[in-house]
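One structure is given below, encoded as structure tokens.
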Amino acid sequence: MRNQPGYHLWKNANYAIDGFFEVLKNETSFKIEIAISVAVWIGLIFVPMPLVPKAVLGLSLFIVLIAELANSAIERVVDLATMEHHRLAKHAKDAGSAMVLFSVILTILIWIVTLYTLYIAP
């Protein structure tokens, strides 16, 4: 006996949209990251650079957003399992935060390498 309903593309897309808006509504850090990403995406439209580096820079911002969504999921599952202070719950939440930190570092490195190869070492 399966514990999951059958796969339905539209239902799954709605679950994803619901999850996105739930995190957007309830996570301040995600709101900030979305605002920064949208501002950068708009700014990239006006920057005179080739399409491929522009796409690399713009798409790299999704790395942080994806990590923040995963971190939010981890936090919710931990909170569902226990609201008590527990060492393993702290470790899980800390690991999720580390994922976001490393995603930010990776995105910054992508920007540095892309801009360096485009403007400094052509």
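All values below come from the heavy atoms of this structure, side chains included, with hydrogens, waters and symmetry mates left out. Position 1 is the first residue of the sequence, and the numbers go up from there.
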Would a distance-only check, ignoring hydrogens and angles, find a side-chain to backbone donor-acceptor pair under 3.5 Å from His8 to Trp10? no
Could you state the interatomic distance from CG (Leu69) to CD1 (Ile74), rounded to the nearest 0.5 Å? 11.5 Å
So does Glu27 pair up with Arg76, basic N to acidic O under 4.0 Å? yes
Point-to-point distance, once rounded to the nearest 0.5 Å, from OG of Ser37 to CG of Leu61: 4.5 Å
For Ser103 and Val64, the nearest pair of non-hydrogen atoms, with its separation, is OG-CA, 3.5 Å
Given ring-ring contact (aromatic ring centres under 6.0 Å, His included), test Phe20 with Phe30 step by step and report yes or no. CA-CA 10 Å; Phe20 172 82; Phe30 191 66; 5.6 Å; yes
Give a yes or no on whether Tyr119 atom OH has more than 12 heavy-atom contacts from other residues, nucleotides or ligands under 6.0 Å away. yes
Heavy atoms of other groups near Lys11 NZ, more than 12 under 6.0 Å: no
For atom CZ of Phe102, decide whether the heavy atoms of other residues, nucleotides or ligands shown that lie under 6.0 angstrom number more than 12. no
Quick one: does any side-chain atom of Asn71 pair with a main-chain N or O of Ala67 as donor and acceptor, under 3.5 Å? no
Nearest 0.5 angstrom please: Leu88 CG to Asp94 CG, how far? 11.5 Å
Ignoring hydrogens and geometry, is there a side-chain-to-backbone donor-acceptor pair from Lys90 to His85 under 3.5 Å? no
Can you check side chain to side chain contact (heavy atoms under 4.5 Å, CB included) on Ile110 and Ile63, steps first, answer last? CA-CA 11 Å; Ile110 290 170; Ile63 297 168; 3.6 Å; yes
Just how far is it from atom CG of Leu118 to atom NZ of Lys54, taken to the nearest 0.5 Å? 10.5 Å
For the residue pair Val78 and Ala89, what are the closest heavy atoms and their distance? CG1-CB, 3.4 Å
For Ser60 and Trp111, which heavy atoms make the closest approach, and how far apart are they? OG-NE1, 3.1 Å
Euclidean distance, Ile32 CD1 relative to Glu68 CD, rounded to 0.5 Å: 9.5 Å
One should read off an interatomic distance between Thr107 OG1 and Glu33 CD, to the nearest 0.5 angstrom, of 9.5 Å
